[in-house]
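Presented below is the structure to which this report refers.
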Amino acid sequence: MTEVLEMTGYRPGALAQVVQLHMDYYAPVWGFGSAFETRIAGGLAAFLSHLDDTRDHFRCVYAKDRLLASITIDGKAADDEGAHLRWFIVSEAARGKGLGRRLLTEAITFCQERGYRRIFLTTFAGLETARHLYEAFGFRLVQEQEEDRWNSGVREQRFELDL
């Protein structure tokens with residue numbers, strides 16, 4: 001990327017921008033609407049309300065004031081269930097340039113430095129580029145179910161990485 005990138009934690013407006021980035025992709029490509037948007041917004045708002053930098057990782061990448069990507073590690077239940085990788089998305093303009101790989105590397109390193117034993121994420125079948133990236137980092141598919149909370153014909157998946 002030739003643009004100057006700023007990697008940062010939370011800054012004002014990040015919640016709305018991360019939600020918008022998700023909707024920019026998932027609404028036109030997958031047909032997701034208000035149920036998805038409110039779940040993303042509500043979950044992210046709850047996470048940010050208890051954000052603890054010693055346990056959690058919230059990273060956004062900006063080019064000027066435009067959000068290009070985000071990734072989150074929620075460490076709240078890391079000792080029991082594992083650290084939860086969430087809200088990982090790269091804008092269309094920034095895809096294919098290594099930014100996702102860079103963010104995922106940083107998130108995994110964060111978990112290793114804290115001694116987390118496992119990272120998990122939930123997603124759905126059909127996101128092949130993301131799945132390829134997860135599997136390249138050693139994540140493995142451990143569960144797939146037909147539950148479709150978004151009414152779009154998707155199969156939910158859970159991936160895990162043992163550290």
Exercise. To the nearest 0.5 Å, what is the distance between SG (Cys60) and CG (Leu103)?
Worked result: 9.0 Å
Exercise. Does the side chain of Ile73 reach to within under 4.5 Å of the side chain of Asp56, using non-hydrogen atoms?
Worked result: no
Side-chain donor-acceptor distances from residues 12-25 under 3.5 Å, at least two apart:
| from | atom 1 | to | atom 2 | distance (Å) |
| --- | --- | --- | --- | --- |
| Gln17 | OE1 | Tyr62 | OH | 2.9 |
| Gln20 | NE2 | Asp24 | OD1 | 2.6 |
| His22 | ND1 | Val18 | O | 2.9 |
| Tyr25 | OH | Trp30 | NE1 | 3.3 |

Exercise. Rounded to the nearest 0.5 Å, how far does CG of Leu127 lie from CD of Gln157?
Worked result: 8.0 Å
Problem set entry | Rounded distance (nearest 0.5 Å) linking atom CD1 of Ile119 with atom CG of Asp74 | 12.5 Å
Problem set entry | Any pair counted as side-chain hydrogen bond (donor to acceptor under 3.5 Å, both in side chains), so long as it reaches residues 129-142, sequence neighbours left out | Arg131-Glu135, Arg140-Asp162
Exercise. Are Phe36 and Tyr26 close enough that their ring centres sit under 6.0 Å apart?
Worked result: yes
For this session: Decide side-chain contact (heavy atoms from CB on, under 4.5 Å) for Leu67 and Val61; before the verdict, give the C-alpha distance in whole Å, the side-chain angles of both, and the deciding distance to 0.1 Å.
Result: CA-CA 6 Å; Leu67 181 66; Val61 180; 5.7 Å; no
Problem set entry | Selection residues 42-52 - residue pairs positive for side-chain hydrogen bond (donor to acceptor under 3.5 Å, both in side chains), sequence neighbours left out | His50-Arg55, Asp52-Thr54
For this session: Would you mind listing every side-chain hydrogen bond (donor to acceptor under 3.5 Å, both in side chains) that reaches into residues 76-93, with sequence neighbours excluded?
Result: Glu81-Arg158
For this session: Using the side-chain contact (heavy atoms from CB on, under 4.5 Å) rule, take Phe120 and Val142 through it: C-alpha gap first, then chi angles, then the decisive distance, then the call.
Result: CA-CA 10 Å; Phe120 75 95; Val142 297; over 6 Å; no
Problem set entry | By side-chain contact (heavy atoms from CB on, under 4.5 Å) - contacts of Arg102 (at least two apart) | Leu5, Met7
Listed pairs under 3.5 Å, donor-acceptor, residues 104-111 side chains, sequence neighbours left out:
| from | atom 1 | to | atom 2 | distance (Å) |
| --- | --- | --- | --- | --- |
| Thr105 | OG1 | Arg101 | O | 2.8 |
| Glu106 | OE2 | His57 | NE2 | 3.2 |
| Glu106 | OE2 | Arg59 | NE | 2.5 |
| Glu106 | OE2 | Arg59 | NH2 | 3.2 |
| Thr109 | OG1 | Thr105 | O | 2.9 |

Exercise. Hey, mind stepping through Glu6 and Arg11 against salt bridge (charged side-chain N to carboxylate O under 4.0 Å, His left out) and telling me if it holds?
Worked result: CA-CA 12 Å; Glu6 176 189 4; Arg11 73 181 199 188; 2.9 Å; yes
Seminar exercise, completed: Distance col, row Leu68:CG vs Leu99:CG, nearest 0.5 angstrom, shows 6.5 Å
For this session: Report yes if the side chains of Phe47 and Phe58 come closer than 4.5 Å at any heavy-atom pair, otherwise no.
Result: yes
For this session: For a side-chain contact (heavy atoms from CB on, under 4.5 Å) with Phe88, tell me which candidate from Thr72, Ile71, Leu121, Thr123 qualifies.
Result: Ile71
Problem set entry | Inter-residue atom distance Phe139.CZ - Glu160.CD, 0.5 Å rounding | 9.5 Å
For this session: Look up atom CD in Glu156 and atom CD in Gln145, then write down how far apart they are to the nearest 0.5 Å.
Result: 6.0 Å
For this session: Examine distances only and state if a side-chain atom of Arg95 and a backbone atom of Val90 form a donor-acceptor pair shorter than 3.5 Å.
Result: yes
